[in-house]
Every structure is written in C-alpha cells, then in structure tokens.
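Just below is one structure, and these are the notes that go with it.
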Amino acid sequence: MAIQTRSASKRANNNNENQAAEEQSPADTPPPNRAARRAAQKKEIKESKTAKVTKTTRTIRTTRSTRSVSSASRSKVLNPQTSHYEFGGVAGAIAMLTLLPLLVILFAYGCDKSGGYHPFQRFYNFMTNFDIEFLKHELLSWSYGAAIFYLGIVLQLVVYSYALPGEEVEGAPLRDGTRLKYKINAMSALQSLITLSFMSLRGQGWVMFLWVKAHFADIALFSILVSFLVSIWVYLRSFVGDKMLALGGNTGNPIYDFMIGRELNPRIGKFDIKFFTELRPGLIMWLCLNVCFGVCQWVELGRVTYSMALVLVFQAWYVVDALINESSILTTMDITTDGFGFMLAFGNLCWVPMMYSLQARYLADNPIDLSIPHLVAIVVLQFVGYYIFRSANSQKDAFRKDPKDPKVADLEFIETRAGTRLITSGWWGKARHINYLGDWLMSVAWCLPCGFGSIIPYFYCVYFAILLIHRERRDEEKCHKKYGADWERYCSIVKYHIIPGIY
Ligand SMILES: NC(=O)C1=CN([C@@H]2O[C@H](COP(=O)(O)OP(=O)(O)OC[C@H]3O[C@@H](n4cnc5c(N)ncnc54)[C@H](OP(=O)(O)O)[C@@H]3O)[C@@H](O)[C@H]2O)C=CC1
Ligand SMILES: CC(C)=CCC[C@@H](C)[C@H]1CC=C2C3=C(CC[C@@]21C)[C@@]1(C)CC[C@H](O)C(C)(C)[C@@H]1CC3
C-alpha cells in the first residue's frame, strides 16, 4: 500500500536496515584466497567512494556503506518508483511543455486591437511568410519593464508571505505520518500589495496601467521564462537530500518527472514554494492585469461598460474568495498528492494570469454593451455557479474538520476502512464533483459578457471543461486506489460524476 504511517515506515526502514546489515555481513568473512580478498576490497572501496566514504579501514568502510544502503532503502520505501503515467505519459509531457507556452504566446502576441483576436490565423500567416528579421525585431524590442512589473509583484508577495503575521495551520497528514505547518496570510498580502501600489502610483495618472496593457505580450513571455526557471530549479533540488517525492512523480524519466513534479513539498525553511505559488502570484497577478485592462477601457472609452464591470467584479470576487479561503487549498489534490513541477509552476506563474485575464483584455480592445436581459441572465448564472461552488466546498471542509458541526451534523456518510468518511447526502450526494459544476458555470458567466463577436474569449470555459473532466478522472482514480471497495459502494450511492442526472 502506498500510504504508510510513520511507525509503519520506521518498521519498514528498520527491516531494511537489518536486511542491509545482513547483506553486509558476508563482507566481514575473509574471502578464501589473497587475490579474491584484494578483489573484494577493491569493490568495497568503489562502493564506499560512491557513498562519499573516504576512509579506507575495513571496519569504517563496512559501517558507512551499511548506512548508505539504509538511506537508499528508506527513500525507496517512502518514495516508491512510479509506474503509472498520467497526461499521456512522456509524449503528453513533451506536448504540454511545448504547446502550452506556445498557446500563451499565440494568445499574447496574436490578439490585439490592431490585428484583431485571430491568434491561429495570425500564427498561420506568420509561419507561411516566415520572416526571421521580424522575429528578431519582436524579441529585441522586448521591454525590461515587463520583468520589473512581473518580479515586482511576485517578489513583493514572497516578502509579505515571510514578513506578515498569519495563523499557522496544519496540512493533511503526509505518508510518513507527519504534518507540515502553513502560514495563512494571503489576504493581508493582497491588502499590502494594494496599499503599496496605491502609494507608489499616486499622482502618476494612468500611465502605468496603459503601459501594462501595451506590454502584455512582453510580460507573458517573461512569465514563461520564469516558469521554466522555477521548474528547473525545483526539479534539480528534488535530488538533493532525503526529499519526500510525489507518488506520481518518481518514474525516473526526467521529462515526465520534470513536467508532473517530482518533490511533493519543496520548501526553503518554512516557506512552502508550492503552497505559495498555488494561490498568490497567479491569482493576484490576474487581478492586477484585469485592473489595468479595466483602466484602459476607462481611459480610451471614457467609461467602463457593464460587460467589463461584470467580468472585473466576478473575477475579483473569485480571487478574493480563494484568498479568504486560503486554508482550504490544503486539501486539494495539488497540495496533498501532486508534486511541484512544470505543470503547477507554469499553471500558476503564467497560465492563470495570462490566460484567465483574456476576457478583460478582449473587452478593453472590443468594448461591448449588453442588453439588460443578457446582463441579468449572466448575473444569475454567476450567483448560481458561486453558490454551488462555495457551499459544496465549504460543506466538505466543515465536515472534514468537525463532522459534529451543527451545519453538517445532519449529513449522511459512509465510514471507510481508510479512516475518513465520505458524505453521501447534501451537495456531495448529488454528484461526486458537484463543486466542479459550480466552478464551470461561473466560467461561462465570465465569457458571456464578451458577446458573440468572437469565439476567442470562450477559450476559457472550453479549456476549463476539459481540465475539470480530466481532473475528475484523476481524482476518481486516486479515490479508487485509496478507498477500494468503499469507493465502489460510494459510487453506487452517488451515481453522477459532475452534473446530476446527466454525467
Ligand atoms: N479555477 C481553476 O482553474 C481551478 C479550480 N479548481 C477548483 O478547486 C476546487 C478543489 O478541487 P479538487 O481539489 O480537484 O477537488 P475536490 O475539492 O473536489 O476534492 C476532492 C477530494 O475530496 C475528497 N472527497 C471526495 N468525495 C468526497 C465525499 N463525498 N465526502 C468527503 N470527501 C470527499 C477526496 O479526498 P480524500 O482523500 O480526503 O477523501 C477527494 O480526493 C474545486 O472547487 C475546483 O472547482 C480546480 C482546478 C482548477
Ligand atoms: C494548463 C495547465 C498548465 C494547467 C495547470 C492547472 C492549473 C492552472 C490549475 C490546477 C489547480 C488549480 C487551482 C486553482 C487555479 C488553477 C490551478 C492552479 C485555484 C487556486 C483557483 C481558485 C480556487 O478558488 C481554488 C483555490 C479552489 C483553486 C485551486 C486549484
């Protein structure tokens, strides 16, 4: 079984240490003749060198090499080799490493006021009339201000995360039985960022906001670079020391492990890189970009259209809601199960801010006025989506924290042999991932304000449907492995995956 308690893994380690000691004991018996003895000694010296042993006396060599074997066994017990590939294996990993950044570049460079929102058409034209000089010119005209803007926000958030006080909460138990502590202060980080931005931009008019819009593609390009650098760094440091790896990220194939994430909880001291990245830079940068796009419309049009206002308010609401409920990400599969690699680094440092802000950018370039019935329908959709999303997530959180809490005490559930309970009534009795439905309905409510002049702003809700269906399958697989027959029993009670009565 993959999940072990600390004592179980200690027992297993002790067994391995004993076994390792046993494996070492024949070396203590002198080999029958001199030549053989010399050969055996040579072999030992080689082994002990690998284990960074420098002393050559036989006793010390034997002790040290026993220690190195036991450390290797420990890491094998705690970090078994992954045999199951997700996301289409190595081919899928290569596709994600290349196509996702390409898509960001297409949407960043291929969508603007002058050339229109036709990223694929413009890419096709670019490839068929390939001009290296044009490419050189584009790259050389990249503005350093983009790096200052991007790093200014991300580094500020790192400092706030360290420096601001926050409640310390424990994460889910790890497979060695321990729990990590996390500081919850995302909302105060946002408040500090807003305060500092307001103070430094005061009296400068709208210049900075307009500059960001004009240099969006430069910022997007820089965010791709940062995502790759961060992913390379966390991948390399996962080999240093005795790290706990993600059960799904230890195949030994460098491309796949790099993409899916090798180390489970990379940390610098108490600073948890994955926990920080999951929420703050992506969501807060998305909010900042949206504000810039809103200001651009205000400056260019002299007003903010209702459609822009809806997108800005809905998305700000989603971001603030996530920051307020920061501690609830500790139970998401990204934190508990997935390693931190390219997928999450790129997803949060580039994909979320650059792709999720597409609707506001589109509306800044293509202002739209919607009819009142259209607006009302969108607002209703957003409220329904949010209601399902938040109440389902909160119901599960409250139940998992304290099943006797009066808010959830009436819920039905099944006890599992794994020790946790699965809710079978309320929201979680309607579908196994009813929260995804709410989230997806909101994504539609964010695209609809863009009207029907272009299909491009609808990219978000189409991509999001694919992400959620794929995620639901991954989670289903995880739960099936974890709960076995109990999960099958749960599925026979709660039959639908995401949409009650349909799917
Ligand atoms: N905006 C975006 O881009 C994205 C948003 N999201 C959102 O993030 C939120 C969290 O998503 P995610 O972590 O994927 O999944 P969930 O919040 O749905 O959590 C799934 C886990 O909950 C537990 N669980 C499942 N069924 C039950 C039940 N009946 N009773 C109690 N516990 C149960 C299981 O964990 P255990 O092992 O503890 O039993 C399961 O692995 C979602 O609302 C989703 O919409 C997700 C991805 C992207
Ligand atoms: C295409 C690609 C690189 C995909 C990577 C996936 C990531 C973009 C998403 C995986 C899970 C996410 C979550 C949120 C944002 C998107 C990513 C990082 C989230 C922080 C959004 C706000 C929500 O309230 C949330 C906190 C529940 C959510 C957690 C999962």
Side-chain angles (χ1 to χ4, degrees), residues 3 87 96-97 99-101 103-104 172-173 186 227 259-261 274-275 277-283 286 315 317-338 341-356 385-386 388-400 403 408 411-414 416 418-443 446 460 463-464 466-468 470-472 474-483 486-487 490-491 493-494 498:
I3 298 172
F87 293 95
M96 284 176 76
L97 289 168
L99 297 183
L100 292 177
L103 215 53
V104 172
S227 313
M259 190 285 292
I260 198 98
K274 183 167 70 169
F275 177 69
T277 313
E278 176 78 1
L279 214 57
R280 304 178 191 206
L283 295 187
W286 172 22
Q315 297 188 348
W317 173 2
Y318 188 72
V319 169
V320 171
D321 172 84
L323 301 183
I324 290 176
N325 294 288
E326 185 184 15
S327 60
S328 65
I329 66 160
L330 292 174
T331 52
T332 61
M333 81 165 88
D334 311 67
I335 301 289
T336 59
T337 317
D338 292 341
F342 175 81
M343 188 173 73
L344 284 183
F346 173 80
N348 289 292
L349 294 169
C350 170
W351 187 265
V352 168
M354 306 306 153
M355 299 299 271
Y356 286 27
Y386 179 75
I388 301 175
F389 167 79
R390 182 45 52 215
S391 44
N393 280 335
S394 303
Q395 196 170 66
K396 176 157 67 75
D397 269 359
F399 181 81
R400 279 290 169 87
V408 289
L411 291 176
E412 288 163 25
F413 57 84
I414 57 171
T416 68
T420 35
R421 294 166 172 180
L422 293 171
I423 312 168
T424 52
S425 68
W427 282 115
W428 297 87
K430 297 196 187 324
R432 303 203 284 273
H433 275 99
I434 190 78
N435 50 345
Y436 288 3
L437 175 66
D439 213 343
W440 187 74
L441 291 179
M442 282 193 282
S443 77
W446 304 346
Y460 177 67
Y463 135 82
F464 200 44
I466 299 170
L467 178 134
L468 292 177
H470 181 252
R471 198 172 165 93
E472 186 268 331
R474 288 184 72 212
D475 194 53
E476 197 88 349
E477 216 171 284
K478 180 211 108 175
C479 290
H480 198 265
K481 248 188 225 159
K482 177 173 174 182
Y483 295 115
D486 290 327
W487 185 253
Y490 170 67
C491 294
I493 303 172
V494 184
I498 298 178

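Along the sequence shown, the residues carry numbers beginning at 1. As the structure lists them, so they are numbered: ligands from 1, and atoms in each ligand from 1.
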**Derivation of the side chain to side chain contact (heavy atoms under 4.5 Å, CB included) call for Thr420 and Lys482** = CA-CA 10 Å; Thr420 35; Lys482 177 173 174 182; 4.3 Å; yes
**Request:** Take Asn325 and Arg390 through the side chain to side chain contact (heavy atoms under 4.5 Å, CB included) test and state the conclusion after the steps.
**Result:** CA-CA 10 Å; Asn325 294 288; Arg390 182 45 52 215; 3.5 Å; yes
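Using a 4.5 Å heavy-atom cutoff, the side chains of Leu330 and Phe275 are in contact. Phe342 places a side-chain heavy atom less than 4.5 Å from the side chain of Pro101. Between Lys396 and Trp427, every side-chain heavy-atom pair lies at or beyond the 4.5 Å cut-off. Met442 has its side chain within reach of Trp446: a pair of non-hydrogen atoms, C-beta onward, lies under 4.5 Å apart. At least one side-chain heavy atom of Met343 sits less than 4.5 Å from a side-chain heavy atom of Phe87.
Note that atom 19 (C) of ligand 2 has no protein non-hydrogen atoms nearby, at separations under 4.0 angstrom.
Using modelled atom types, one finds a donor on one side chain and an acceptor on the other under 3.5 Å when comparing Trp351 with Tyr463.
Distances below 4.0 Å separate heavy atoms of Leu279 from the following atoms of ligand 2: 20 (C), 26 (C). Those atoms of ligand 2 with a heavy atom of Asn348 less than 4.0 angstrom away are 18 (C). Within the listing of ligand 2, atoms 3 (C) sit less than 4.0 angstrom from a heavy atom of Phe346. The contact set between ligand 2 and Ile329, taken as ligand atoms under 4.0 Å from a residue heavy atom, comprises 26 (C).
Classification of the Trp428-His433 ring pair by plane angle, with boundaries at 30° and 60°, yields perpendicular. Note: Tyr460 and Tyr356 have perpendicular aromatic rings, judged against thresholds of 30 and 60 degrees for the angle between ring planes. In this structure, Trp317 and Tyr386 have tilted ring planes: the angle between them lies in the 30° to 60° band.
Ion pairing between Asp338 and Lys478 fails under the 4.0 Å rule for side-chain N and carboxylate O.
Remark: distances from the non-hydrogen atoms of Arg471 to ligand 2 include one below 4.0 Å.
Residue Val319 does not touch ligand 2, judged by heavy-atom distances below 4.0 Å. Within the 4.0 Å heavy-atom criterion, the part of Phe389 lying near ligand 2 is the side chain and not the backbone. At a 4.0 Å heavy-atom cut-off, ligand 2 touches Leu100 through the side chain alone. Residue-level proximity to ligand 2 for Asn325 is absent, since no heavy atom of it falls below 4.0 angstrom.
The single protein non-hydrogen atom nearest to atom 24 (O) of ligand 2 is Ala322 CB, 3.4 Å, given as residue, atom name and distance. Protein heavy atom in closest approach to atom 15 (C) of ligand 2: Val352 CG2, 4.2 Å. Looking at atom 9 (C) of ligand 2, its nearest protein heavy atom turns out to be Leu467 CD1, 4.6 Å. For atom 7 (C) of ligand 2, the nearest protein heavy atom (residue, atom name, distance) is Gly347 CA, 4.3 Å. Nearest non-hydrogen protein atom to atom 5 (C) of ligand 2 is Met343 O, 3.9 Å. When hydrogens are left out, the protein atom nearest atom 23 (C) of ligand 2 is Tyr318 OH, 3.6 Å; that is the closest non-hydrogen contact. Atom 10 (C) of ligand 2 has as its closest protein heavy atom Asp334 OD2, 3.4 Å. At the top of the distance list for atom 12 (C) of ligand 2, counting protein heavy atoms only, stands Glu278 OE2, 3.9 Å.
Interatomic distance, Trp487 CH2 to Lys481 NZ, rounded to the nearest 0.5 Å: 14.0 Å.
Remark: Asp439 pairs with no residue by the salt bridge (charged side-chain N to carboxylate O under 4.0 Å, His left out) rule, at least two apart or across chains.
Protein residues with a heavy atom closer than 4.0 Å to ligand 1 are Tyr318, Thr332, Met333, Tyr356, Phe389, Asn393, Lys396, Arg400, Arg421, Leu422, Ile423, Trp428, His433, Asn435, Tyr436, Asp439, Phe464, Leu467, Arg471, Asp475, Lys478, Cys479, Lys482, Tyr483, Tyr490, listed by chain and number.
For Trp440, the CH2 atom sits in a loose shell: 12 or fewer heavy atoms of surrounding residues, nucleotides or ligands are nearer than 6.0 Å.
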